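Note that this is a predicted model, so its numbers are computed, not measured. Below, chain A is the first sequence line, B the second, and so on; all start at residue 1. Hydrogens, waters and symmetry mates play no part in the numbers below; they use all other heavy atoms, side chains included.
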There are 2 protein chains.
Amino acid sequence: MSAIVPVPLYQAKAEFFRTLGHPARIRVLELLSERDHAVHELLDAIEIEQSNLSQQLAVLRRAGLVVQRREAGAVVYAISVAEVRDLLLAARAILAAVLAGQEQLRSELGGGAP
Amino acid sequence: MSAIVPVPLYQAKAEFFRTLGHPARIRVLELLSERDHAVHELLDAIEIEQSNLSQQLAVLRRAGLVVQRREAGAVVYAISVAEVRDLLLAARAILAAVLAGQEQLRSELGGGAP
DNA sequence: TTAGCACTTGAACACTTCTTCAAGTAACTG
DNA sequence: CAGTTACTTGAAGAAGTGTTCAAGTGCTAA
């Protein structure tokens, strides 16, 4: 049990959220939370260059959110932490609430007719 | 009901996570998820300059995550979307899992003796 | 063993985000 | 009304990220 927290907790959290702060990385996590995917499968699903995808996968790997394995000549990625699914769901709920709130605000400001 | 999604959903999600990707902003959201706070209270709790705090609050406001009101000469901030609390909890769980995973990996790699 | 496919890495430049400073607004207070 | 407290804003340079290109690694198969 480690008594020392090397990085302040708030900074660790912030870094964690920044890791999720990229469309391709979100896309990858959503795909992986359905099932494991080979790199070429991700590549088919996401509009992005291979080397760029690799860079983004490296970010997720460094953050410890995904793991890599080799299988029949292909590299297969998987979510390493099951809770990621919950987080994506929570985010979806907030986003829906925020967008709904903005919508309501807009219509209140608009007053019914432009 | 809007049929047009102006910003691709993945990009909206990514932007949302990037909004959370700053230690001061996380700190603010955690404080606000306990109770509403005046700016000067946040300032006492977070080590940051007033103008910097204001900038970060503006980011949260623009993202629609907090709202501002004036009360007895002070500006008071509040969480606008209750689900934020769930998200912070989910994030905490993942972070714990990831850190635990890294810890385990480290000890496996270390193998007991260097 | 050499060729080829599948993927990763390093480096450079463009782009975004942070922090800070100076100036600005807004509501109380005498 | 002038001063004070409380907070926000704009702008500019520093720091950090993202995208792309060229080169590299590691299986697999001929």
Side-chain angles (χ1 to χ4, degrees), chain A residues 7-8 10-29 31-32 35-80, chain B residues 7-8 10-29 31-32 35-80:
Chain A
V7 179
Y10 300 117
Q11 191 165 333
K13 285 189 191 169
E15 272 168 31
F16 169 70
F17 281 120
R18 256 186 286 128
T19 301
L20 303 182
H22 189 290
R25 294 198 293 261
I26 292 284
R27 197 91 174 74
V28 166
L29 290 177
L31 289 166
L32 294 185
R35 62 170 176 82
D36 298 359
H37 281 70
V39 172
H40 63 88
E41 289 177 313
L42 295 172
L43 202 51
D44 289 347
I46 308 174
E47 289 230 329
I48 191 180
E49 283 196 7
Q50 162 125 218
S51 70
N52 196 349
L53 177 58
S54 250
Q55 300 274 8
Q56 306 310 335
L57 289 170
V59 173
L60 293 172
R61 249 186 293 126
R62 267 179 250 130
L65 293 176
V66 303
V67 292
Q68 187 184 42
R69 68 177 185 269
R70 199 168 265 272
E71 206 166 83
V75 176
V76 176
Y77 277 84
I79 293 277
S80 69
Chain B
V7 180
Y10 300 116
Q11 189 164 332
K13 286 187 190 171
E15 271 167 31
F16 169 71
F17 282 120
R18 257 186 285 129
T19 301
L20 303 181
H22 189 289
R25 294 196 294 260
I26 292 284
R27 196 92 175 73
V28 167
L29 290 177
L31 288 166
L32 294 185
R35 60 169 179 82
D36 297 359
H37 281 70
V39 172
H40 62 87
E41 291 177 311
L42 294 172
L43 203 51
D44 290 346
I46 308 176
E47 288 230 330
I48 191 180
E49 283 196 8
Q50 163 126 215
S51 70
N52 195 349
L53 177 58
S54 248
Q55 300 275 6
Q56 306 310 333
L57 288 170
V59 172
L60 292 173
R61 249 187 293 126
R62 265 179 252 130
L65 293 176
V66 303
V67 292
Q68 186 185 42
R69 68 176 185 271
R70 198 169 266 272
E71 205 167 85
V75 177
V76 175
Y77 276 85
I79 293 277
S80 69

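- The distance from atom CD of B:Glu71 to atom C1' of D:dA6 is 14 Å, rounded to the nearest whole Å.
- For the pair A:Ser80 (side chain) and A:Val67 (backbone), a donor-acceptor distance under 3.5 Å is absent.
- Across D:dG18, C:dC7, D:dT8, the shortest atom-to-atom separation from the side chain of B:Gln68 is found for D:dT8.
- Listed for the B:Arg25 side chain is a donor-acceptor partner under 3.5 Å among the backbone atoms of B:Thr19.
- For A:Ser51 against C:dC7, no side-chain N or O and base N or O form a donor-acceptor pair under 3.5 Å.
- Within 3.5 Å, no donor on the side chain of A:Glu49 pairs with an acceptor on the base of D:dT19, nor the reverse.
- With hydrogens and angles ignored, no donor-acceptor pair under 3.5 angstrom links the side chain of B:Gln55 to the base of C:dT19.
- Residue-to-nucleotide proximity on DNA chain D shows that, of B:Ala38 and A:Ala74, the 5′-proximal contact is made by B:Ala38.
- Computed from coordinates, the B:Arg62 CZ to C:dT17 C1' distance equals 11 Å when rounded to whole Å.
- When rounded to the nearest whole Å, the span between NE2 of B:His37 and C1' of D:dA6 equals 17 Å.
- Checked against C:dG10, D:dT8, C:dC7, the side chain of A:Gln50 finds its nearest nucleotide in C:dC7.
- Atom CG in B:Leu60 sits about 16 Å away from atom P in D:dC7, given to the nearest Å.
- The CZ atom of B:Arg18 lies 14.5 Å from the NZ atom of B:Lys13; values are rounded to the nearest 0.5 Å.
- With rounding to the nearest 0.5 Å, the separation of CD1 in B:Ile48 from NE2 in B:His22 is 6.0 Å.
- Close to C:dT17, at under 4.0 Å from its OP1 or OP2, lies a side-chain N or O of B:Arg18.
- Distances from the side chain of A:Arg25 to the nucleotides C:dC18, C:dA27, D:dG18 place D:dG18 closest.
- As rounded to whole Å, 11 Å separates atom P of D:dG18 from atom CD1 of A:Ile48.
- Within the 4.0 Å cut-off from OP1 or OP2 of D:dT9, at least one side-chain nitrogen or oxygen of B:Arg61 is found.
- C:dT16 atom P lies 21 Å from atom CZ of B:Phe17, rounded to whole Å.
- Between the CD1 atom of B:Ile26 and the P atom of C:dC18 there is a distance of 12 Å, given to the nearest Å.
- The 5' end of DNA chain D is approached more closely, in terms of each residue's nearest nucleotide, by B:Gly73 than by the other of A:Asn52 and B:Gly73.
- Contact between the side-chain N/O atoms of B:His22 and the OP1/OP2 oxygens of C:dT19 is found at a separation under 4.0 Å.
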